[in-house]
Every structure is written in structure tokens, then in C-alpha cells.
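Worksheet: the structure to be examined is printed underneath.
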There are 2 protein chains.
Amino acid sequence: MATHWEEFYSSHLPPIDFEDNRKLLQEFCERHNENNEKIVLITSGGTTVPLEHNTVRFVDNFSAGTRGAASAEYFLEHGYVTIFMHRLKSLEPFTRHFNGQKFMDMLDLNERGPNTTITVRPDGVDVLAPILSRYKAAQDNGRILYVNFTTVSDYFWLLRAVCECLAQFGARALLYLAAAVSDFYVPANQIPTHKMQSGGGPPNIQLQLVPKLLAPLVSLWVPLAFVVSFKLETDESILISKSRDALNKYKHKLVVGNMLQTRRTKVVFVTPDNNYELILSREQVHNGMEIEEIIVSNVVANHLDYIKIQKY
Amino acid sequence: MATHWEEFYSSHLPPIDFEDNRKLLQEFCERHNENNEKIVLITSGGTTVPLEHNTVRFVDNFSAGTRGAASAEYFLEHGYVTIFMHRLKSLEPFTRHFNGQKFMDMLDLNERGPNTTITVRPDGVDVLAPILSRYKAAQDNGRILYVNFTTVSDYFWLLRAVCECLAQFGARALLYLAAAVSDFYVPANQIPTHKMQSGGGPPNIQLQLVPKLLAPLVSLWVPLAFVVSFKLETDESILISKSRDALNKYKHKLVVGNMLQTRRTKVVFVTPDNNYELILSREQVHNGMEIEEIIVSNVVANHLDYIKIQKY
């Protein structure tokens, strides 16, 4: 049995930067709702489950955050205002294209004392300019808000706070829940205060099931929003059935199913009515196209249809 | 009982990029040994323990890699050739001072079609120029080699390969083992192939103790090198005793003990003869000084003394 979601909140304190983030979210959402914008919440990256209070060890869910970070760029292109709720240090839109050394290696240093300048090499400009231009447009126009989490408990608190701000958008809100959230956690009262000592032999970690937030999210927090969840499996034979189970259980609009091994080139859209695959062709892969471009186009089309229906 | 280290190697395959890294290491070490350089191996960041073969979930050891990345910069300043063996995506020397958005925000885009240029703003130049200059000096002169690991098994394979290359340096080799290596692992034959399903209830993870590589490293692999290990604790009352236990057990030269809570301002050096604290004063912290500057100076002084003794 999973812990009930209300019990989870009552037994886990909010993260320390919670009130700051809530204010940022409220200001961001109010401003854009007044302008009648469409808004997307993207969750991205994995959550951790601390095994000790002074967190040295934790259980993590693998996710670099590629899908969420890439998708954010495409949603911005489609005119969506974007809340990018990501695991701290996971990939972010725009900057995901460069790691630190790649940045440094693009730079020319012209040392002339107080007149020293640093410029991007011409071949770097070709790559960087279009990305930098889109990054600055999103920043300067305040169309993207970054908030981050680390533990599964941080994620819970932040997600509910975002939903409270998104409710006012009604059907114009799209939730794109791509984060890899832990299914299991160690109850706070069972976590040792100090680092576990290896002298006592290997520890035996007793995990509890994390409550599924999709249930209160769909039925209570943002009942009018268009909610998309993701299902990651490694066993293809259960992918569609598990995706459909989730859709039947939580009554949201779309599950994007994907296999760990092929997730960069293939996904399956499971809707209440049917299911269909989106596949990146070999040629598209070769041309540097990303599957997130296709996923986002299709999600947006579904969302726009949904908004139309809601209006009648 | 921990698994014996030889058994650990025989039951874990080397990482896929292992032979490539070994060649890079051999070339790097031979070149610098011919020039009679002093060399430091820095290990940095945490290791993961996969809980599934198609790794979705893993146990991780918390470590951003700040200590290792900062120390690498100071060792380069002290004239050491540096092997920076770090957890993939953990902090790296030089680039650690900037995250992706900080980089982007320093840049001015001057869009003029084919004559588009990108320059670093003047206030960004002040911060970036000295770091970029040192980065380029290390790169251009081939004085730093980056190799990375993710799992505890990757770390094991890579560390032994590095030691095989370092042995030729004799006492001129310094090992600065700052990585946070997992104490526990899940034996390969007990790892499920597919993602664990939450429907079956929470899993019970049975962990095994990881063998301590310090034992073969000190006694067999690099018997003449100056080996420094790190001990991180959250309980101050056992810090020095556990550090001394490690020194007595493995017979290396120095343990740097530190508390999770105060590790940025205080460490204790535990040597075979005595122990003493290194503390960053409030004024030094205020002036932006890093404790790694002091740690590295002191380690280098100890290493130089050791080299002198070895010569007689």
C-alpha cells in the first residue's frame, strides 16, 4: 500500500526555498494569465530519496533531463509560456547544447591588460548564435521560469504549489510530466541521522511506496488542465498496457510511453480513444532532428483541440 | 565481510570506454614521466550503484565534486601534472566557476547576418579572463587529463589502470583520493534485468560491502607513491579515530578528515606522527579564499618532504 498523499505532505517539511519559489510562481502565472497566454509546466530529471538525514547517500532515478530540456525549447517556439521544473543540475533548455569545456573551447582570449577582450570564435558563433538568440528572447520577455528540486519530497511540494498557480489558466494549462519520480521512499522516521557505518555490515533498506500525485492533481488541483504523463519501461511487452492502466486510473488526457533503449527515436501516444507511435526516421536522426520536436507538435495539436472543445 | 578486491574485478566487466582511456593514460604518463614531472591523481565526485541492469534506479553518494575540482586548479598552480578522474557531470576545474546560464548571460550577441559576432561583456571579462587563461595554459600544454566514471565498478577499473601508469613515477606520484566511493553494492547476479515494478510492493535491497581498494593500491600498485585519502563523517566524535584507523590499516601517508557540515572551512590532517587542523578564518572566507588552496599547499609540502627522504 502506498502512503496517502495527504499523509506524505504532513510527514515531510517543505524545502527551505519553498516560499521564495511560490512567490516567483504566483507572480509569473498572474502576469501571464492576464495576457491570456497558454502555459506549460514541464517537469524534468529524476528525484532522489535520501537514505540519511545528513544526506550522504541516496537512491536516485536515472534521468539526465534531455527530454524535458529539449521539449521546453519546442514549447517556447509554439508560443507557450513555460515553467521548467527540473532536478537541480539536470539539463536545461538552451544550455543543454554546451557543457562547460565546450563553452571554454569556443572562446578566444585577447589579453591586453585592462583592454582584454573575450570573443567567441567564428565557428562557435555559427552554432551558438541561434541558440543564444532564442535563449535571450525567452529570458528578456520573461517567458520561462526555472524552479528546481532534488528530493522526491521537494518535488511533491513544488508540484502542488505550481498546480495552485496553474488552476486559473483552466484549459489553457498543459502539464507535461516528464520527470522520473521515484516510486519508493524511506519514511523520515526511519532515516538514520548520521552516515551509516560500514562496520556494522551492509544495511537493509526498507522502502515505502510513494503516493501517485496524478490522482489529486487531475481530480482536485487542475481539473480543467490538459495533463500528459510519461511511462518509461524496459520491457516492451507491458508498455502499452501499463500506459493504458495509468490513463484509466487517473483519467488524464495522454500517456507518452517510451522504452529506455529506444526513447530517443520512438514513443507511443496512448489516449482515451486509441494509441499511435511517433517514430523518428533514420534520415531525420541523421539530419539532427530530435524526437521532442515531434512529440511537442503532437501534444500541442491535442491541447489546442482540447481547448476548442472546452469553449463550447 | 567485504568482497575480496580480486573477486570484485572478476565479477564486474570493465566499462566500454576502458581501453580508450587506458591508452590516453599511458600516453599521458609516459610523456610526463620522461620530463621528470611530479604528477597528481585526483579522484572526485561520487559513485553510483545500479539497482537494475537497464539502469533506471541506482544508489548514489552525494558529492558535487567541489573539493576535487578546486584542488585540481591549485595542484596545476603548484606545477603538478594532473589526472582528473571524476564522476561524469560532476564539477570540473575552471568550468566549475560558471554554470550554463551564467555563461549565456555573460554573452552579447551582435546579430549582423553572416557577420554576427558574440563577445563577452566587459564585467564578464573581469571574472572569466584569469580562469580562461589558466584553463587554456593547462589544455594547450597537455598538463591535465580528464577521465570519468559513473558506477563504482567503473571507478574500480579506472583507478587500477591509472595506478598501473603512475607506478613509473615512484615517489613523484601523489594520489589525492577525494571521490566519495560507495561502501555498498548490489552483486551483479542479484540485479534484476528490468525496471522493478511498484505493483509487487516495495523492493528489499540487499547490499554487499565494497572492498577497500586502498589496501592493494598502497601495498601493491603504487608502493612508492604519496597516497592521501579522505574521510567524511557527520559525527565529529568519531572523525579522528576513524581517520587514524584507516591510516593504521592501509599504511598510507595522510588522511584528510572532514565533517559534512563544516567541510568548506575546516579539515584535520591525520598523519602517522600527529594530527592538526587547517581552518579557514572568517576573513579568508569573506575574501573568497577556498580551503582547497590551503589543503593543497600543505599536501604539496608533505609530498616534497617525502620525495627528499626517498632520495637518500
Side-chain angles (χ1 to χ4, degrees), chain A residues 2 48 51-62 64 89 92 94-96 98-101 103-105 107 109 111 116-120 124-125 128-129 132-133 135-136 139 146 180 182-184 193-196 198 201-210 232-235 260-261, chain B residues 2 48 51-62 64 89 92 94-96 98-101 103-105 107 109 111 116-120 124-125 128-129 132-133 135-136 139 146 180 182-184 193-196 198 201-210 232-235 260-261:
Chain A
T48 68
L51 302 177
E52 296 151 333
H53 274 299
N54 294 302
T55 304
V56 173
R57 298 195 189 86
F58 51 87
V59 178
D60 204 338
N61 275 36
F62 165 77
K89 305 283 168 75
E92 296 178 19
F94 309 111
T95 59
R96 72 186 171 105
F98 312 95
N99 63 28
Q101 286 206 32
F103 259 123
M104 289 275 202
D105 290 339
L107 299 175
L109 176 63
E111 287 189 293
T116 294
T117 59
I118 302 173
T119 52
V120 175
V125 171
L128 184 55
L132 185 59
S133 169
Y135 169 78
K136 286 193 184 286
Q139 291 289 115
Y146 298 83
S182 181
D183 292 327
F184 310 104
T193 301
H194 290 299
K195 189 178 164 189
M196 297 180 289
S198 50
N204 200 347
I205 304 166
Q206 280 292 354
L207 301 171
Q208 288 273 326
L209 278 174
V210 164
L232 178 73
E233 291 294 340
T234 63
D235 182 358
L260 186 65
Q261 303 87 335
Chain B
T48 68
L51 301 178
E52 295 152 333
H53 275 301
N54 292 305
T55 303
V56 174
R57 299 195 187 87
F58 52 86
V59 178
D60 204 339
N61 275 35
F62 166 76
K89 306 282 168 76
E92 296 179 18
F94 309 112
T95 59
R96 72 185 172 106
F98 312 96
N99 63 27
Q101 288 207 29
F103 259 121
M104 291 273 203
D105 290 339
L107 299 176
L109 175 63
E111 287 189 294
T116 294
T117 58
I118 302 173
T119 52
V120 175
V125 171
L128 184 55
L132 185 59
S133 170
Y135 169 78
K136 288 195 181 283
Q139 291 290 113
Y146 298 83
S182 180
D183 291 328
F184 310 105
T193 301
H194 290 299
K195 190 177 165 189
M196 297 180 289
S198 49
N204 200 348
I205 304 165
Q206 280 292 352
L207 301 171
Q208 288 275 322
L209 278 174
V210 164
L232 178 73
E233 292 294 341
T234 63
D235 181 358
L260 186 65
Q261 303 86 336

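The structure presented is a predicted model; accordingly, all values stated were derived computationally and were not measured. Labels below follow one simple rule: chain letters A, B, ... track the order of the sequence lines, proteins then strands, and each chain is numbered from 1.
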CD-CD distance between B:Gln139 and A:Gln101, expressed to the nearest 0.5 angstrom: 5.5 Å
Nearest atoms (heavy-atom pairs only) where B:Val59 meets A:Leu51: CG1-CD1, 4.1 Å
Best-contacting candidate, A:Thr119, A:Thr117, A:Val210, against chain B by heavy atom pairs under 4.5 angstrom: A:Thr119
Atom pair CG/CG of A:Asp60 and B:Asp60 - distance to nearest 0.5 Å: 5.5 Å
Gap separating the OG1 atom of B:Thr116 from the CG atom of A:Leu132, nearest 0.5 angstrom: 10.5 Å
Engaged part of A:Phe94 at the chain B interface, taking heavy atoms whose separation is under 4.5 Å: both
Pairwise distance OG1(B:Thr95) to CZ(A:Phe98) - rounded to 0.5 angstrom: 15.0 Å
Qualifying residues under side-chain hydrogen bond (donor to acceptor under 3.5 Å, both in side chains), relative to A:Ser133, sequence neighbours excluded: none
Whether B:Lys136 side chain and A:Leu107 backbone form a donor-acceptor pair below 3.5 Å: yes
Engaged part of A:Glu92 at the chain B interface, taking heavy atoms whose separation is under 4.5 Å: side chain
Residues forming a side-chain hydrogen bond (donor to acceptor under 3.5 Å, both in side chains) with B:Asp105, sequence neighbours excluded: A:Tyr135
